[in-house]
Each structure stands twice: as C-alpha cells, then as structure tokens.
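For reference, the structure is listed below as structure tokens.
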There are 2 protein chains.
Amino acid sequence: MPRTTTDGDGTPVPERLLAAATRLFAERGYDRTSVQEIVEAAGVTKGALYHYFGSKDDLLHEVYARVLRLQQERLDAFADQDEPVEERLRGAAADVVVTTIENLDDAAIFFRSMHHLSPEKNKQVRAERRRYHERFRALIEEGQKAGVFSTETPADLVVDYHFGSVHHLSTWYRPDGPLTPQQLADQLAGLLLRALRP
Amino acid sequence: MPRTTTDGDGTPVPERLLAAATRLFAERGYDRTSVQEIVEAAGVTKGALYHYFGSKDDLLHEVYARVLRLQQERLDAFADQDEPVEERLRGAAADVVVTTIENLDDAAIFFRSMHHLSPEKNKQVRAERRRYHERFRALIEEGQKAGVFSTETPADLVVDYHFGSVHHLSTWYRPDGPLTPQQLADQLAGLLLRALRP
DNA sequence: CTCAGCAGACTAACCAGTCGGTATGGAGAC
DNA sequence: GTCTCCATACCGACTGGTTAGTCTGCTGAG
C-alpha cells in the first residue's frame, strides 16, 4: 500500500521486474514467458510493468543493454592496463569467461533471443556488440604487429572463435564441474594464447 | 488430384514440410512460426502435416535427428581413417565447419531451439550429442597419449571450445565474406591444432 | 489537491491441434 | 476386364485456450 517504489523487499520495482524477467527468459525462453508470469514473479501486476517499460520487447532490450555495458567497461579496463599485450589479452579473455559464468542467465538469453528483438533494437545491440568485438580484435592485432602473436589467422577469426565458445558457456558449463570459474577461465584463455603463439 | 505423395513439384510432402519448417524455424524461431505458415510454405494444409507428424514439436525433433545423424556419420568416417591422429582430427574439425556452413539453418535451429523440445526428446538429442562429443574427445585424448598434443588443457574443454565456435557460425558467418567455407574451415581447424601443439 | 505509482478486469488477436469429410489408386471378387 | 471396397493421403472449418497490451480507477505522499 505504500507509494514508495520499493515495497515488499528492498529493491525498486523496475529492478525486480528486470531480475524476474532475466531469470524466466533464461529458463523457458522469451516467447514461452508470459508477461503475467514476470509480474507475478516480481510481486507486482501488469500495471507496474507497463508503467516502467514500453513493452515486453523493451524489457528484453534492457537485459541486453545492461550486460553489454558491463562487458564493455570490463574489457576497456583490461585493454587500458599498462602491461604487455599478451597479459592484457589473457586478462580480458579470462575475465569475460568469469563474468559470463557469473551471469549465465544473461548469456543464455543473449545468444538465444537476439532475434526476438525488434529490428531497430536488434541493430542497436549489434552495433554495440561490434564495438566490443573491435576493441578485442585491436588487442590481437597489436600483438600480431609486435610479433608476439602468430599472423597465420586473421584477428577477426580469432575473436569469433573465442567468443563462440564464451557464448556457448551457458550450454555446457556446469557449476558442479571439477573446475572453478576462474580455473576454467584460465584454461580457455590459455587455449587462446597458445593458438596465437608464433 | 493424384494420390501420389509427390504432387506440385517432385519432392514428397513430408520432405517439403521439413524443408519449409527448417527455413522458417531458422528465420523467425520456433515459437514465432505458426503451423499455418509452415503448411502454406509447403503448399499443403494442416491435415497433411498432422498426417505425417504427431505435433509441431515432432517436426522440430526430425530436424535435429537428421542433422545429428549426418554429423555423426561424417565424424566416424574421419575418425576411422588410417592416418596420423593430427590429420584425422584436423580433417574432422574442418569438415564439421564446412557441413555446418552448408546447413546454416540447421545450425541456427540447433543452438537456439533445443529448449523448445519436449523433455524426453531433449534428453534423446542430448544423448546423441554426447556420443558425438565423446568420439571427438577420444581423438584428442589419443593424440595426447601419443604425445603429439599438449596435455595442458583437458580434452573435454578443448572439444567444448571448438564446438562453441562451430555452433556459433550461424551467428557470425557471412556467405559474402572473404573466405570460402573450406578456407574458413581450414583456419579454424588450424587454430584448434595450434592450441594443441605441445 | 494532485499526480506518480500502481491494480486488475478486459479485449482483440492468434494458434496448436481436432475432426468429420473427400478423393484416389489399388486389391480382391467374380 | 470391371466392379466393389477400403486404406492412404489430404482438406479446412472449428474449438478451447492463451496472450500482449489497454484502460479506468484507486491510493497515499508531498
């Protein structure tokens, strides 16, 4: 009954909605999740959802925007460090694995639901994704020019190769597996770096 | 007006339905494709579809079954060859890239729509998928035991790493890119083999 | 008193699957 | 050779259920 935007528990309603939507989208897919289920999981009603978001599609877009922002920030932080390029690349490659595992729901949504976004939003997400991709590629090209990475494979392909696996983590990663997220990340970064040995 | 199962063009109705479904599922996703659209694209009506398939879900399962069968056969052929393990692995790793590109629609469906299958069918597909995975892993372990591949990364991880990228081909492969499918396949197989150098 | 912040009944559209019906090629009777 | 009968192949209107989004109205803080 209070008017405050944070009733029930402490978190504001829009965030509760986003969290509920993220979980449900990852669990049963975008189309299989009804708006009704989302609002029930968030402990509100449709009125609240359409008060904060323009559409179901908007909600999905917000999920994408959040994860894109986060990943770009982290990549930039690693790329801007003052270390040899191998170590910057290794750090960035491993970090994206760890943060992906920490947000497996986001990852599952990301690669399964892009085509559910409206065309313009899809385009927007692709553009941001490309920025991320380019930054990563620049790291590899830097290493190639410096002679510390093999030039046998175009940097583009290497990036796609690595991120293909990262995006697929949500399919094959098991939290009860033998490796901690950090160990797994180090292994995958190791594979990438070894593939790049001259 | 003939009773034959192949009217209109030459292909039998069930195959026409499967082809139409494959294309549409890849294009707009399983849930966004109505049964009505499928039958219209195949030039028949619902009666025909439900005559040959038990459900929409069944249709999806058939798509999976077909591609799984094909890929397993091809992998087996490469693995059974009488060549050094590096070359068998290279051949298999490149071949799966080429056949994936040749059936990009199947690949897009594969990794986006697994969770739309009914639980038992999902289990069945996973089991077949695991067989494929194991065969591939066995190749890598063979090379590791023989000392021609590095043992730094568990074979399991290497397989997931490679197939993550392959499954993602449908996201980033562009037919108008600079590389032919075979060249791209050789590059990716090269990356895999280089990552496995001792 | 007013308006952000929500509640929840309502609507218009859609959709998977059903079911009674039609046409046709062939198997067997004669 | 032809007539009967039936299984196969398919048609398409219909049903029961679901869903995104709308809209009117309530409530309490400032």
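Chain letters run A, B, ... following the sequence lines, proteins first, then strands; residues in each count from 1. Note that the coordinates shown come from a computational prediction; the quantities given were computed from them, not determined experimentally.
- A:Leu49 places its CG atom 14 Å from the C1' atom of D:dT19, with the value rounded to the nearest Å.
- Here the straight-line distance linking atom CD of B:Gln71 with atom CG of B:Asn103 works out to 8.0 Å at 0.5 Å rounding.
- With hydrophobic clusters built from ILVMFWY side chains whose heavy atoms lie under 4.5 angstrom apart, A:Val63 does not share a cluster with A:Val96.
- We find that CD of B:Gln36 is positioned 11 Å from C1' of D:dA13, with the value rounded to whole Å.
- The nearest whole Å value for the distance from the CZ atom in B:Arg16 to the C1' atom in D:dA9 is 13 Å.
- Between B:His51 and D:dC10, a side-chain N or O to OP1/OP2 separation shorter than 4.0 Å is absent.
- Of the two residues contacting DNA chain D, namely A:Val35 and A:Gly47, the nearest-nucleotide position lying further toward the 5' end is that of A:Val35.
- In this structure, B:Leu188 and B:His162 approach most closely via the heavy-atom pair O-CE1, 4.2 Å.
- Rounded to whole angstrom, the span from the CG atom of A:Asp31 across to the P atom of C:dC15 amounts to 11 Å.
- Here the P atom of nucleotide C:dT18 and the OH atom of B:Tyr50 are 7 Å apart, to the nearest Å.
- Not counting sequence neighbours, the partners of A:Arg135 by the side chain to side chain donor-acceptor pair (under 3.5 Å) test are A:Asp76, A:Asp80.
- Residue side chain A:Lys46 does not reach the base of C:dA7 through any donor-acceptor N/O pair under 3.5 Å, judged by distance alone.
- In this entry the distance linking CD of B:Glu40 with P of C:dC15 reads 11 Å, nearest Å.
- The aromatic rings of A:Phe110 and A:His167 lie parallel to each other, their planes meeting at an angle below 30°, with 60° marking the opposite boundary.
- Residue A:Ser34 is in sugar-phosphate contact alone, with no base atom involved, counting any heavy-atom pair closer than 4.0 Å across all strands shown.
- A:Val148 and A:Leu196 fall within the same hydrophobic cluster, where Ile, Leu, Val, Met, Phe, Trp and Tyr residues are linked whenever their side-chain heavy atoms come under 4.5 Å apart, directly or through other members.
- Contacts between residues 55-63 of chain B and DNA chain C, defined by a heavy-atom separation under 4.0 Å, are made by B:Ser55, B:Lys56.
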